[in-house]
Peer 1: 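Below is a structure I'd like to ask you about.
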Amino acid sequence: MPTVSVKWQKKVLDGIEIDVSLPPYVFKAQLYDLTGVPPERQKIMVKGGLLKDDGDWAAIGVKDGQKLMMMGTADEIVKAPEKAIVFAEDLPEEALATNLGYSAGLVNLGNTCYMNSTVQCLKSVPELKSALSNYSLAARSNDVDQTSHMLTVATRELFGELDRSVNAVSPSQFWMVLRKKYPQFSQLQNGMHMQQDAEECWTQLLYTLSQSLKAPTSSEGADAVKALFGVNLQSRLHCQESGEESSETESVYSLKCHISHEVNHLHEGLKHGLKGELEKTSPALGRTALYVKESLIDSLPRYLTVQFVRFFWKRESNQKAKILRKVDYPLVLDIFDLCSEDLRKKLEAPRQKLREEEGKKLGLQTSAKSGSKDSDVKMTDAEASANGSGESSTVNPQEGTSSEKETHMTGIYDLVAVLTHKGRSADSGHYVAWVKQESGKWIQYDDDNPSMQREEDITKLSGGGDWHMAYITMYKARFVSM
Amino acid sequence: MAPTQDPNSVGGGAKKDEATLKVPSKDPKKKDEKKDEDLSEEDLELKQNLELYVERVQDPNPELQKAALESMRQEIRASTSSMTSVPKPLKFLRPHYGTLKAFHETMADSDLKKYLSDILSVLALTMSADGERESLRFRLIGTEGDIGSWGHEYVRNLAGEIAQEYTKRQSEEASIDDLMELVQQIVAFHMKHNAETEAVDLLMDVEDLDLLLEHVDKTNFKRTCNYLTSAARYLPGPDDMLVLDISYMIYMKFEEYPNALQIALFLDNTQYVKQVFTSCTDLLKKKQFCYMIARHGITFELDDEMVADDDDREALQDIVNNTKLSEGYLTLARDIEVMEAKTPEDIYKAHLLDGRASSGASVDSARQNLAATFVNAFVNAGFGQDKLMTVPSDSTTGSSGNWLFKNKEHGKTSAAASLGMIQLWDVDSGLSQLDKYFHSNDNPIIAGALLGVGIVNCGIKNDCDPALALLGDYIDKEDSSVRIGAIMGLGISYAGSQNDQIRNKLSPILNDAKAPLDVIAFASLSLGMIYVGSCNEEVAQSIIFALMDRSEAELGDALTRFLPLGLGLLYLGKQESVEATAEVSKTFNEKIRKYCDMTLLSCAYAGTGNVLKVQDLLAQCGEHLEKGDIHQGPAVLGLAMVAMSEELGVDMEIRSLERMLQYGEQNIRRAVPLALGLLCISNPKVTVMDTLSRLSHDTDSEVAMSAIISLGLIGAGTNNARIAGMLRNLSSYYYKDMSLLFCVRIAQGLVHMGKGLLTLSPFHSERFLLSPTALAGIVTLLHACLDMKPIILGKYHYVLYFLVLAMQPRMMLTVDENLKPLSVPVRVGQAVDVVGQAGRPKTITGFQTHSTPVLLAAGERAELATDKYIPLSPILEGFIILKENPDYREE
């Protein structure tokens, strides 16, 4: 009877006797006692072959003192998980889109980047999307003409399609309707559709939407678009010659940021834009006289649109020339000092509240710095309150509309979208939209190619060179709950 | 000879400083007079003396003649030491060279004539015109006295003339006996005077290196051999082998066995290896030899002639079989404190990227999980633990199975096989971990387990042949994925073993008409690996028949490329031996003919640095082809394979590849990054890195993909921060393109391979030896990368595991006489070239002192910083046995 040693895992089992008269299965049973590995799981290797249960020892030719190797464990055999794992590659496109965190880009149909970037910017307003989704044929009021209706529907469809797909969407339907409604966009040059002014597209589209979304049936009777974007301006006209004064109110969808050589910052430009001179027949003088018009904001929109007046008509060259001047704009805009007296009063309390909340946040830091001597209780106190404020300051925009009573405007706005232009004139160059997602990430929509951007790069779009520069910026109001 | 010319003026231009001294033949007198004015009194006297001697030499009185010659000789000898200018006596004798020569002709044969011949021979050093070899002519008819007495410069000049004369006489088939006598003298002189290089040069010129054996001694044999082995790289055809042969003999003569073994391995001469073992009597040294053989990765059986004692032999065979590799590697890992397993996320370092990428994908992507599987496998290779596959399975869910099932279909093969990679070299625990997958009922998992067994056993031999035992039965299973798993596993674990048992199992598959193409392709590849560099006729026949049997459609398949490659591997580095097979390949279908041609050529001359073959391949790459021809890819790879052996060749090749990027067609541009990757594998040169980084943004996505993979290859196992940064940025740049992202991930895994402890370089022992199996593994991967889409990005991604053949720890681990790790201080620094330098020059520069075990980067060398121990191998790489220095005194 030969004696062999069996190597199993890191162990060597010495001095195992083999009874060559019995089949190897018996030997395996012997090993079962030693290792606990059931015979059917044992693999015993002898010189490049496996030991068969019914093999013949003589044929294998085991020698005394030979080393054998055994493989096998009593481990559980791996089983596939009962719930099959779903892979991204197998998912339908829509599921992937939600996975991606941002929506798809738009195909350029030939100089349509002005339209694409406008659509991408407006799409970032969730309230507009929900208003559109509520829009239906039945809700169509009589004073809306057919083409406006079609454009509204096309917008809704396009927004929906963008949300659903991963790959770039072709906005051909929307474009067709847009051109039908506004034939000026069908201008041709050398057989190609011309580049257009994005601002014009933006204004016209919003106008159409505001017309069709007036929703006569809804109880509020409000103009959804106006509620979102409309700014009421209170203007005071003053004639220096006669000393006459009059006032008027008007509603606009965007503020203008006029650019002159004194203007270095958006805020200055806005102030500049709210002051103007105009000629008007003076009833007192009986002739036209120069009036100074000063406007102040009377009511605040949820989304404040600011247009940089970068283009002016250059008579000599017969084209819209561009002002390349660098005008900085902030990520957080405070327009308190552009507001009328009444509005300022209304804003004071919410702003106080907001300051308190922010003060608490800062207070945490100062107390943490100076408060090494202070008691620990105070520290935790401050922390707790800071946490509290953190929660309250994140106002859900959706909630904002429904619970108007609790949340208040503060006159402070956060940048959410930038439409930029690159090039030397409005009818040429390239438009791109830069949109902040709900996750806080910025996406650059360059036609069909969306890409992630850093926040600090967004502020670099302020002009002063040949890089993309902001043309229209959209700010979202910051609310405070009281 | 130009007899009509005035001999005084013929010497012009022969020596550098002659031009100004050149004497116009018309009025030498005038010039001389002018010169006299500048001379100092001493010089004037010397000049006059010499002139007197010249006159006396021509005196009919032999006594006077003799005295004059003697004096002249004295003057010349006294001044031959100066190196920077022509010695004064020679200068002053110049005008009389012609006179003396003319007189010499008229002399009758006598001792005096011989004397004069000697002097003329020396004078010819500065006077003789190019190509006339007068120095040599006079030398041969002169006395046979000590040539060294005339100074070094004279001997060198003579050596040069001998070389010229030798070639001339060879072409005329004249006798060379008189020359050889002189050679003897010169060689002896050089060898004694620290000028081994010149002696070797002369002997190479006269093709009689055997002479060297008589002249080397203890003091100069090292430098001699060093020069010989380095020169071998630049010598053509059989000469290089001859040179190495000589240096092997010299090393053997002086019992420098480790070096002798190195050369034996280089020559792939088993007889020599055996001789080293039989000649050496020191058991400890033999252990060191075994470590060297193990690193080279060849299969080698010790017999009782080499080691008499049975127990000793078993211990030595264990070392050759690499059974201790895992242990040593883990010692290194523990010492460097990198045992902690790393997850793919630790490698991706997505947090360093702003905003982009990884925007919180909540759904598993099969492609990304597969990439993570590979990254995990490469990074934790050989450590035996990771955080995906070997997590201790808790009894209820068996969580270790979870990651496996996060891979889809064929992805599970790679996932299961990755366990083999993690347990690399540790056969015992590897097999027990893989065991459970054998019992799965999912074919891809079984295939993975089989492949895993192969990977675990890579480079490790075991008496029980577990890999063959386990895999053998699966070769003929029905499912082709299982078959491929088993076949590939065998190829990896038995690479280079030339195991006939496996050949008998695999060969029938090749010629089985029913076998699917992919099975045949992998069988051919595995056979190529197992018989790498063996020139085995039978295997070659089977593969050739398999190639001939393929239908037109099959030849167009991407996997078909593995058939010629398998054939090529058989002849890896075997140069002319390939020619017969290359002839046969000319009869193949034209679709594959050229591909086969290029593959065979590049494999056969891989690592030889053969310039002619480089030119052949370059010519192939220069053609602008119609679409569809694919043979330029292997030609470009071939350039790298041939040129990769030495630094100069690599640099030249990098430059010519740069040209190809500019002027080559798209199919060439796709292969260029891969060639660069091969040239600088695990050696991140900054220039190459920049080129690849540029290409990784190429508009052609296939160029970009191969550039990305190559970035991984050049940084493989280095943890190079710059490449890691580049890849990180690429991962955000390509975050939307799944294929490119996959490549980026793979490259990231490669860069951090073995947490920076491994290298893929097939070269070892100071870049002298080329491990054939390692090269085979890399080349296979590169060929697969020539067409990424159907192979690596398709369902054959596991070809990436072929890299395991090249994976080796880039460590230096010192062990004591009982083979237990021993920590000693060592200096690690940039290796410097010391070939042809006199004395004992420094071999490293800019060094730092560490204690072993240490990591060695590409181009680095270690030396012991203590005298307490003596290393048993002069090449401090891998495992080094230290012996206590008996002369060491504690200070």
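The sequence lines fix the lettering, A, B, ..., with proteins before strands; numbering per chain opens at 1. The figures that follow rest on heavy atoms only: side chains count, while hydrogens, waters and symmetry mates do not.
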Peer 1: Would you compute the distance between atom OG of Ser432(B) and atom CE of Met70(A) and round it to the nearest 0.5 angstrom?
Peer 2: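 Spacing of OG (Ser432(B)) from CE (Met70(A)) equals 10.0 Å.
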Peer 1: Does any backbone or side-chain atom of Asn462(B) lie under 4.5 Å from a heavy atom of chain A? Answer side chain, backbone, both or neither.
Peer 2: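 Side chain of Asn462(B) only, per the 4.5 Å heavy-atom cut-off to chain A.
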Peer 1: Would a 4.5 Å heavy-atom cut-off, applied to side chains only, mark Phe438(B) and Arg41(A) as touching?
Peer 2: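 Phe438(B) does not reach Arg41(A) side chain to side chain.
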Peer 1: Quick one: CG on Asp473(B) to NZ on Lys43(A), what's the gap to the nearest 0.5 Å?
Peer 2: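 Spacing of CG (Asp473(B)) from NZ (Lys43(A)) equals 10.0 Å.
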Peer 1: Hey, mind stepping through Met69(A) and Leu431(B) against side-chain contact (heavy atoms from CB on, under 4.5 Å) and telling me if it holds?
Peer 2: CA-CA 11 Å; Met69(A) 199 170 168; Leu431(B) 293 186; 3.8 Å; yes
Peer 1: Which atoms form the tightest heavy-atom contact between Met71(A) and Asp435(B), and what is the distance?
Peer 2: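 Where Met71(A) meets Asp435(B) most closely, the heavy atoms are CE-CA, 3.7 Å.
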Peer 1: Sub-4.5 Å heavy-atom contacts with chain B: which residues of residues 29-39 of chain A show up?
Peer 2: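 Not one residue of residues 29-39 of chain A has a heavy atom under 4.5 Å from chain B.
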Peer 1: Determine all donor-acceptor pairs shorter than 3.5 Å in which one atom belongs to a side chain in residues 367-374 of chain B; sequence neighbours excluded.
Peer 2:
from, atom 1, to, atom 2, distance (Å)
Arg367(B), NH2, Leu793(B), O, 2.9
Asn369(B), ND2, Asp364(B), OD1, 3.2
Asn369(B), ND2, Lys406(B), O, 3.0
Thr373(B), OG1, Asn369(B), O, 2.8
Thr373(B), OG1, Trp403(B), NE1, 3.1
Thr373(B), OG1, Asn407(B), OD1, 3.2
Thr373(B), OG1, Asn407(B), ND2, 3.3

Peer 1: Is the shortest side-chain heavy-atom distance between Asp465(B) and Met45(A) below 4.5 Å?
Peer 2: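 They are not in side-chain contact.
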Peer 1: Given a strict heavy-atom distance threshold of 4.5 Å, which part of Ile443(A) is in contact with chain B: side chain, backbone, both, or neither?
Peer 2: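 For Ile443(A), neither part sits under 4.5 Å from chain B.
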Peer 1: Is it the case that atom NZ in Lys7(A) sees more than 12 heavy atoms from other parts of the structure closer than 6.0 Å?
Peer 2: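 Atom NZ in Lys7(A) is not packed in, count stays at 12 or less.
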Peer 1: Is it true that, when you exclude Lys129(A) itself, more than 12 heavy atoms of the residues, nucleotides or ligands shown sit nearer than 6.0 Å to its NZ?
Peer 2: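 More than 12 within 6.0 Å, yes.
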